[in-house]
2 protein chains.
Amino acid sequence: MPKFRIDRIDRKILDALQRDGRMANNDLAAEVGLSPSPCLRRVKALEDAGVIRTYVALVDPAAVNLPVNVFVNVTLERQVEDRLDAFEAAVMERPEVLECYLMTGEADYLLRVVVPDLPTYERFLKEYLTRIPGIASIRSSFALKQVRYDTALPLHHCET
Amino acid sequence: MPKFRIDRIDRKILDALQRDGRMANNDLAAEVGLSPSPCLRRVKALEDAGVIRTYVALVDPAAVNLPVNVFVNVTLERQVEDRLDAFEAAVMERPEVLECYLMTGEADYLLRVVVPDLPTYERFLKEYLTRIPGIASIRSSFALKQVRYDTALPLHHCET
DNA sequence: ACTGAAATGGCGCGACC
DNA sequence: GGTCGCGCCATTTCAGT
């Protein structure tokens with residue numbers, strides 16, 4: 001819905017800020033071939049339009065003892081929309097659920113859950129997930145290794 | 001491996017920066033109950049220790065015409081380690097692959113791929129993925145909706 | 001040794017051309 | 001889109017506990 005005209009310079013700006021969100025505006029301006037002021041104007045416009053949602057620090061999961069990634073396939077009972085909304089609301093409450101997608105096919109969801117260890121996941125599963133009403137089935141898959149985790153969207157298709 | 005002692009104040013700092021990676025050090029200091037100087041020292045220490053990996057801007061996928069999330073289950077032929085390394089190296093080359101996990105069970109991977117539309121995904125699949133040697137099977141699942149996408153790790157278990 | 005305070009230099013950010 | 005200028009913030013140095 002936010003139809004925002006993105007030209008080549010905006011694309012460069014987004015590429016740079018997706019790599020380093022704290023880059024100084026002066027450096028950013030130099031990198032995209034602008035002087036600081038119009039560069040900052042563009043950044044603000046991108047923020048205001050919602051193209052740039054936020055700036056965040058990315059923390060190393062291993063360094064804070066969160067090595068376990070679990071992917072959870074949740075199938076809901078075939079029912080109407082309020083069930084979906086209720087489930088989604090429940091999912092938003094828990095910070096361990098970093099990602100949640102409504103998938104095609106049946107009414108099912110894919111979650112990525114991050115926890116310090118398996119007992120913690122078990123507790124999350126038994127004491128929270130299974131208690132959400134309307135759930136037909138839950139299947140958990142565990143990741144041995146996070147091979148790649150990138151937040152930078154590929155923008156090479158945005159051309160003006 | 002980076003065994004870093006994280007106390008309650010560090011945890012507050014990480015929580016804050018995971019929410020707003022551009023927060024001014026003065027504000028951050030106030031929020032965690034420190035004066036600016038020691039607060040900044042702690043932030044630098046967290047960066048140097050690799051607890052804070054990077055700072056990034058998060059871009060709205062819809063705003064840049066990247067509405068399609070595909071989850072790809074890739075099973076490799078039962079073979080040895082160099083196949084895995086080769087596959088992982090291939091995965092690192094493509095910016096469309098935002099996440100990749102080595103899963104338990106068989107030698108298979110779960111990828112999250114972001115593309116502007118289905119034809120683009122089809123091209124990615126046919127012209128790239130299927131050409132990686134050692135692949136036994138590929139199964140693609142499409143997301144109808146990104147219900148949640150969070151990058152902030154839950155740190156409530158970190159207590160000192 | 002680690003924390004809090006003061007001083008300086010650079011940068012973000014607005015007004016105007 | 002570029003130039004100018006003000007004010008604030010990041011950063012270093014110093015003192016305190």
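In what follows, every heavy atom counts, from backbone to side chain, and hydrogens, waters and symmetry copies are set aside. Each chain gets a letter, A, B and so on, in the order the sequences are listed, and its residues count up from 1.
- The two residues Met92(B) and Val147(A) make their nearest non-hydrogen contact at SD-O, 4.0 Å.
- Residue Glu99(A) forms a salt bridge (Lys or Arg N to Asp or Glu O under 4.0 Å) with just one option from Arg112(B), Lys145(B), Arg148(B), and that option is Arg112(B).
- Inter-residue side-chain proximity for Gln18(A) and Leu153(A) is flagged as met; some heavy-atom pair is nearer than 4.5 Å.
- Remark: Ala89(B) engages no residue in a side-chain contact (heavy atoms from CB on, under 4.5 Å) (not counting sequence neighbours).
- Remark: P of dC13(C) and CZ of Arg22(B) are 8 Å apart, rounded to the nearest angstrom.
- The shortest distance between side-chain heavy atoms of Pro154(A) and Leu66(B) falls below 4.5 Å.
- No side-chain heavy atom of Thr75(B) sits under 4.5 Å from any side-chain heavy atom of Ile135(B).
- One atom, CG of Leu28(B), and another, P of dG4(C), lie 13 Å apart when rounded to the nearest Å.
- Residues from residues 14-21 of chain B with heavy atoms under 4.0 angstrom of DNA chain C: there are none.
- If you take CZ of Arg5(B) and P of dA1(C), they are 19 Å apart, rounded to a whole angstrom.
- Checking the phosphate oxygens (OP1, OP2) of dA10(D), a side-chain nitrogen or oxygen of Asn26(B) falls inside 4.0 Å.
- Computed from coordinates, the Met23(B) CE to dG12(C) P distance equals 18 Å when rounded to whole Å.
- For the pair Arg11(A) and Asp15(A), the salt-bridge criterion is met [side-chain N within less than 4.0 Å of a carboxylate O].
- Contacts between residues 52-59 of chain A and DNA chain D, defined by a heavy-atom separation under 4.0 Å, are absent.
- Contacts between residues 30-48 of chain A and DNA chain C, counted as heavy-atom distances below 4.0 Å, involve Ser37(A), Leu40(A), Lys44(A).
- Using bins of under 30°, 30° to 60° and over 60° for the plane-to-plane angle, the ring pair Phe124(A)/Tyr121(A) lands in the tilted bin.
- Chaining together hydrophobic side chains whose heavy atoms lie under 4.5 Å apart leaves Leu40(A) on its own.
- One hydrophobic cluster holds both Val113(A) and Val74(A) under the rule that ILVMFWY side chains link at heavy-atom gaps under 4.5 Å.
- Taking a 4.5 Å side-chain heavy-atom cut-off between Ile, Leu, Val, Met, Phe, Trp and Tyr, the cluster of Leu110(B) extends to Phe71(A), Tyr101(A), Met103(A), Leu110(A), Tyr149(A), Phe71(B), Tyr101(B), Met103(B), Tyr149(B).
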